[in-house]
Novice: 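Just passing along the structure, written as structure tokens.
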Amino acid sequence: MRKPNPPATINELMQRVNDIAGITLGELAAQYQFKTPEHLLREKGWPGQLLEYVLGASAGSKPVPDFELLGIELKSLPIGYNGKPLETTYVSVVPLTNLTGITWINSSVKKKLNHVLWLPVLAEKELQPTERTIGTGFLWQPTKDQEALLKRDWEEQIELIALGDIEKISGHLGEVLQIRPKAANNKATTNAIGPNGKIIKTLPRGFYLKTHFTHSILSQEFMS
DNA sequence: GTTTGATCATTA
DNA sequence: TAATGATCAAAC
């Protein structure tokens, strides 16, 4: 099969999502002649890249929603046999400089999470990457309560960064939204605001949704 | 180096 | 065993 075009409507997108529910990543990759990792899962981004391709998401690394026409972000969500998320969910890069004028409303986190297509994938560790089974995808927008939680965590941690206290931030902070390293390795560096307002070098960081938050989203969708 | 896609693996 | 810190690959 050829590379799918971007879906024109939400209905079209959701039809494609429903069409792939229940099959494995290996079967899907074969159908579309998409590359499959031959041995170990060293290509950590493979599940997401395959799903993007099949659903017609914008290719490449662009700072725009996966489905630009629809304003929807695709997030695959690895879950275990118990239906709970196995990993935190990466959201976006954490800004470490030029924070003047930045607010929750215009933040990358709010924009990214404004409208998300969650695609659960049964990804229990004993399963080979190709044996992971695609679940039922669904659209989600934060409720007022959920957004309030995200906003509170975001503001608390952005304030620390603005004050030059990036090195005081660890994955322990944040109720639902945490900040953790996001880099090739722990030697990578980027600019950040340091003590006294001086620019320092530090490890690039990313925002991640904690698993209990994504689990609550799943519960809200499937157990209501 | 940065941003996209995430998972790995050591620690607590 | 869950969570935090570290890491892998591709495109640019």
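By convention in this document, chain letters (A, B, ...) are assigned in the order of the sequence lines, proteins followed by strands, and residues within each chain are numbered from 1.
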Novice: Using a distance-only test with no angle check, is there a side-chain donor-acceptor pair under 3.5 angstrom linking A:Tyr81 and A:Glu126?
Specialist: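 Looking only at side-chain atoms, A:Glu126 and A:Tyr81 do form a donor-acceptor pair, the distance falling under 3.5 Å.
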Novice: Quick check on C:dG5: is either OP1 or OP2 less than 4.0 Å from any side-chain nitrogen or oxygen of A:Asn186?
Specialist: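 No, no such contact exists.
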Novice: Within the 4.0 Å limit for protein heavy atoms, which parts of nucleotides 6-12 of chain B are touched? Write it as a string from 5' to 3', B for base, S for sugar-phosphate only, - for none.
Specialist: BBB----
Novice: Each residue besides A:Leu86 in its hydrophobic cluster should be listed here, by chain and number; the cluster joins Ile, Leu, Val, Met, Phe, Trp and Tyr at side-chain heavy-atom distances under 4.5 Å.
Specialist: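 The other cluster members (ILVMFWY side chains, heavy atoms under 4.5 Å, direct or chained): none.
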Novice: Rounded to whole Å, please give me the gap between CD in A:Glu167 and C1' in C:dG5.
Specialist: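 After rounding, the gap between these two atoms is 13 Å.
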Novice: With clusters built from Ile, Leu, Val, Met, Phe, Trp and Tyr whose side-chain heavy atoms come within less than 4.5 Å, directly or transitively, what are the remaining members of the cluster of A:Val93, listed by chain and number?
Specialist: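 Members besides A:Val93, by chain and number: A:Tyr90, A:Tyr208.
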Novice: What is the distance from CZ of A:Phe207 to P of B:dG5, rounded to the nearest Å?
Specialist: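 The distance from CZ of A:Phe207 to P of B:dG5 comes to 16 Å, rounded to the nearest Å.
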Novice: Mind calculating the distance between CZ (A:Arg205) and C1' (B:dT3) to the nearest angstrom?
Specialist: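 Going from CZ in A:Arg205 over to C1' in B:dT3 covers 17 Å.
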Novice: Let me know the distance between CG of A:Leu209 and P of B:dG5, rounded to the nearest Å.
Specialist: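 Checked: the CG to P distance equals 13 Å.
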Novice: In whole Å, I'd like the distance from the CD1 atom of A:Ile179 to the P atom of C:dA3.
Specialist: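 It is 18 Å, rounded to the nearest whole Å.
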Novice: A:Lys111 NZ to B:dT3 P: how many Å, rounded?
Specialist: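 Going from NZ in A:Lys111 over to P in B:dT3 covers 14 Å.
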Novice: On DNA chain C, does the nearest nucleotide to A:Leu173 precede the nearest nucleotide to A:Ala184 from the 5' side, or the other way round? Give the residue.
Specialist: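 Whichever sits nearer the 5' end wins; that is A:Leu173.
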Novice: Take the protein atom CD1 of A:Ile169 and the nucleotide atom P of C:dG5, then report the distance between them rounded to whole Å.
Specialist: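 So the CD1-P distance, A:Ile169 to C:dG5, works out to 11 Å.
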Novice: Let me know the distance between CD of A:Gln178 and P of C:dG5, rounded to the nearest Å.
Specialist: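 Value for this atom pair: 8 Å.
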Novice: For A:Phe138 and A:Phe222, take the angle between the two ring planes, folded into 0 to 90°, and tell me which bin it lands in: parallel under 30, tilted 30 to 60, perpendicular over 60.
Specialist: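 If you compare the ring of A:Phe138 with that of A:Phe222, the planes turn out perpendicular.
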Novice: Between the side chains of A:Thr190 and A:Arg205, does any donor sit under 3.5 Å from an acceptor?
Specialist: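 Checked: A:Thr190/A:Arg205 side chains show no N/O donor-acceptor pair below 3.5 Å.
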Novice: From the options A:Thr202, A:Thr97, A:Leu96, A:Asn98, select the one residue that forms a side chain to side chain contact (heavy atoms under 4.5 Å, CB included) with A:Asn191.
Specialist: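 By the side chain to side chain contact (heavy atoms under 4.5 Å, CB included) criterion, A:Asn191 pairs with just one of A:Thr202, A:Thr97, A:Leu96, A:Asn98: A:Thr97.
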